Each structure stands twice: as structure tokens, then as C-alpha cells.
*Asks:* 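I have a structure here, written as C-alpha cells, and I will follow up with some questions on it.
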Amino acid sequence: MSALNWKPFVYGGLASIVAEFGTFPVDLTKTRLQVQGQSTDARFREVRYRGMFHALFRICREEGGRALYSGIAPALLRQASYGTIKIGIYQSLKRLFVDRMEDETLLINVICGVVSGVISSALANPTDVLKIRMQAQGSLFQGGMIGSFIDIYQQEGTRGLWRGVVPTAQRAAIVVGVELPVYDITKKHLILSGLMGDTIFAHFVSSFTCGLAGAIASNPVDVVRTRMMNQRAIVGSTELYKGTLDGLVKTWKSEGFFALYKGFWPNWLRLGPWNIIFFITYEQLKRLPF
């Protein structure tokens, strides 16, 4: 494999890990906000958190500061796999279509983003399942990372480890299919128009824009995905949602349309900084002299 090919994989994984660690507490509050208020689930029927900051303070007060990083181990493992595969495949696919950034089009980038998002998220799904269960249950969650993987497999089989893989792949297709192309196209036009050079400020503006676009597009599927991944751990063998569409319809009917945007602010406040940290780190890694 040539140097041109391995760099996106390695740099993508490293930048993803840095961004994940820096924004993880916000992601945890997003998960807690998304699973609460479920009329079909007694344990999560109570609305405990009134918003992101209230959730942060209440979790710290009731569970301690360490609880804000509950699930960080599988989250970092997920980024080491998901981030590596996602960026590597995306950049490699783009080079199959065009050789230079100037020749890239929105359509080509969207196709590459959707494909890379689906493949990478499907492969990394078990780490996502464990991360969400640890985040949702907090101090109630028992066991370490490896033991928990084994427990899920023994209790639920392979299906348990890939629970929610369809909405996860759908969300990844939306997020990656929106964020990476929006970032690339925004950066391309900022540079080619002469408004900015290929600088950290251009990377900041482009990553901020793509984070907002990704949050708006993905939040409804993200709510359903979070609930589907957490449901086995809280209601036994009963499945509340049979699939993404079923989850969207049931959530809308029982809780209203805006329930699909539960956790939007922490979602955006995570995706925004996450993308800013990721892309600035990634762009700096690309400039390393090897």
C-alpha cells in the first residue's frame, strides 16, 4: 500500500479519537436526553433532565464527575475502528473518481460519504451498542468493556452486538453523506474564491458548517437508533421498536414531532466541536513531513 493510501486511514483514526475524548460528556447528555420520556418504557418514562446543562449538573451531582465519561472505552475503540475506516474509504473512493480537490463535485463526495459511512458504522456497531448502554444506564451498568461484550453475546447472541445496525448505518449514511461533502465543498469554495487560504480558519468555518448540517439531517434517526440499542437492556425480550420507520412513527405519535429532535442541542454542540477538533487535527496531521 502506498503512502498516499495509508495516511487517510491512520490520520482519520487518530483525529477521531482526539475529537471523541474532547466532546464525550456532551454526547453522554445527548443519550440521556434521547432515552427519557418514553411512554412505552417504565424505567425511562420520567423526564429527569430539562436540557443539556441541567443534565450535566445533575449527573455530576448524583453520579459524580467520572459518570460523564461512562462508556468512554468503547467510544474510543469505536472511533479507532469507525473513524479509521470511514475517512480511509472516503478519501480512497474520491481518488478513484478524481485526482484533484479542484475536480471534486458534490454528487461524487456524497456518494463516497454514504458508502464509507454505511461500511464503517456497520463494522463498528458492537462498540456503539455497548457505549450507548453504558451512557444510558450510568452507575446502574455493571461490568467492564470486554466482559460486557461477552455478556451481550451470551445473553442476546450476535444479533445483540449488531442491535440497531440498520438505523446506525442509516444515520451514518446521512451524517457522513452530509458532513464530509459539506466540509470538502465549503473548504474548496473558500479557497478557490480567494476568501481564505488553506488555513486553520478555513478549516474551522468548514467544519462548523458541516457539523450544523449533519445535526439537522441526522437527529431523528439518531433518537430512534439510541432507543433501539438501549431497549434490550431495559425491557427484557420485548422490542419496542421493530425498525427505524416504526421507531420514527411511534415516537412521533406518542411524544410529538419535536421528540424526534430530543437531544438536538447537545447533538449539535457535540457534532460542531467534534468536527472542528477532528478536521483541524486531521488537516494538521496531513502536513506531517512523512
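Numbering starts at 1 and runs along the sequence shown. All of these numbers come straight from a predicted model, not from anything done at the bench.
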*Asks:* Atom OH of Y82 and atom OG1 of T168: how far apart are they, to the nearest 0.5 Å?
*Replies:*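 Reported value, rounded in 0.5 Å steps: 9.5 Å.
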*Asks:* Do V110 and I108 share a hydrophobic cluster (ILVMFWY, side-chain heavy atoms under 4.5 Å, transitive)?
*Replies:*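 No, V110 and I108 fall in different hydrophobic clusters.
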*Asks:* What's the separation between atom CH2 in W268 and atom CZ in F208, rounded to the nearest 0.5 Å?
*Replies:*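 Output value for this atom pair is 4.5 Å.
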*Asks:* Salt bridge (Lys or Arg N to Asp or Glu O under 4.0 Å) between R227 and E255: does it pass, once the steps are laid out?
*Replies:* CA-CA 14 Å; R227 293 181 174 190; E255 302 169 55; 2.7 Å; yes
*Asks:* Where the side chain of T281 meets the backbone of A15, is there a donor-acceptor pair that is under 3.5 Å apart?
*Replies:*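 Here the side-chain-to-backbone pair does not exist.
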*Asks:* To the nearest 0.5 Å, what is the distance between OG1 (T84) and NZ (K86)?
*Replies:*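 Rounded to the nearest 0.5 Å, the OG1-NZ separation comes out at 10.0 Å.
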*Asks:* Got a donor-acceptor contact below 3.5 angstrom from the Q170 side chain to the V221 backbone?
*Replies:*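 Checking the backbone N and O of V221 against the side chain of Q170, no donor-acceptor pair under 3.5 Å is found.
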*Asks:* Can you name the nearest heavy-atom pair linking E104 to R95, along with the distance?
*Replies:*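 Shortest heavy-atom separation between E104 and R95 comes out as OE2-NH2, 2.8 Å.
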*Asks:* Take E63 and R48, measure what salt bridge (Lys or Arg N to Asp or Glu O under 4.0 Å) needs, and give me the verdict at the end.
*Replies:* CA-CA 14 Å; E63 304 174 43; R48 293 171 50 82; 5.1 Å; no
*Asks:* Between atom CZ of R133 and atom OG of S148, what is the distance when rounded to the nearest 0.5 Å?
*Replies:*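 Rounded to the nearest 0.5 Å, the CZ-OG separation comes out at 10.0 Å.
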*Asks:* Might you confirm whether atom CZ of R66 has over 12 heavy atoms from other residues, nucleotides or ligands at distances under 6.0 Å?
*Replies:*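 Counting other residues, nucleotides and ligands, CZ of R66 stays at 12 neighbours or fewer.
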*Asks:* Out of curiosity, L77 CG to T127 OG1, how far, rounded to the nearest 0.5 Å?
*Replies:*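 Reported value, rounded in 0.5 Å steps: 5.5 Å.
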*Asks:* Are L161 and T158 side-chain neighbours, meaning at least one heavy-atom pair lies under 4.5 Å?
*Replies:*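 No. Closest side-chain heavy atoms not under 4.5 Å.
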*Asks:* Run through F257, Y261, F258 and flag the one making a ring pair (Phe, Tyr, Trp, His ring centres under 6.0 Å) with W252.
*Replies:*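 Exactly one option meets the ring pair (Phe, Tyr, Trp, His ring centres under 6.0 Å) with W252, and it is F257.
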*Asks:* Rounded to the nearest 0.5 Å, how far apart are OG of S116 and CD1 of I89?
*Replies:*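 Rounded to the nearest 0.5 Å, the OG-CD1 separation comes out at 6.5 Å.
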*Asks:* Compare every heavy atom of L271 with every heavy atom of G214, then report the nearest pair and how far apart it is.
*Replies:*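 Shortest heavy-atom separation between G214 and L271 comes out as C-CD1, 4.0 Å.
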*Asks:* Check this for me, if you would: do R225 and D222 make a salt bridge, where the nitrogen-to-carboxylate-oxygen distance has to be below 4.0 angstrom?
*Replies:*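 Here R225 pairs with D222 in a salt bridge, since their nearest N and O are under 4.0 Å apart.
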*Asks:* Provide the closest heavy-atom pair for N275 versus E179 in the form atom of the first, atom of the second, distance.
*Replies:*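 Taking every non-hydrogen atom into account, ND2-OE2, 3.2 Å.
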*Asks:* Can you tell if the side chain of K253 reaches within under 4.5 Å of the side chain of K250, non-hydrogen atoms only?
*Replies:*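 No - every pair of side-chain heavy atoms lies 4.5 Å or more apart.
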*Asks:* Check V223 against K262 and note the closest heavy-atom contact, atom names and distance.
*Replies:*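 Between these two residues, the closest heavy atoms are CG2-O, 3.6 Å.
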*Asks:* Where does the angle between the aromatic ring planes of W6 and Y11 fall among parallel (under 30°), tilted (30 to 60°) and perpendicular (over 60°)?
*Replies:*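 Geometry flag for Y11 against W6: perpendicular rings.
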*Asks:* Sub-3.5 Å donor-acceptor pair from the side chain of T29 to the main-chain atoms of V26, do we have one?
*Replies:*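 Judged by distance alone, yes, a pair lies under 3.5 Å.
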*Asks:* Does A122 offer a backbone N or O that forms a donor-acceptor pair with the side chain of W162 under 3.5 Å?
*Replies:*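 Confirmed, W162 side chain pairs with A122 backbone.
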*Asks:* Give me the atom names and distance for the closest heavy-atom approach of V118 to A169.
*Replies:*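 In terms of heavy atoms, the two residues are closest at CG2-O, 3.8 Å.
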*Asks:* Answer yes if M196 and I200 sit in the same cluster of Ile, Leu, Val, Met, Phe, Trp and Tyr residues linked by side chain heavy atoms under 4.5 Å apart, and no otherwise.
*Replies:*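 Yes, one cluster joins them.
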*Asks:* Begin with the C-alpha distance, continue with both residues' side-chain angles, and end with the deciding distance and a verdict on salt bridge (Lys or Arg N to Asp or Glu O under 4.0 Å) for K187 and D184.
*Replies:* CA-CA 5 Å; K187 186 179 80 167; D184 283 342; 5.2 Å; no
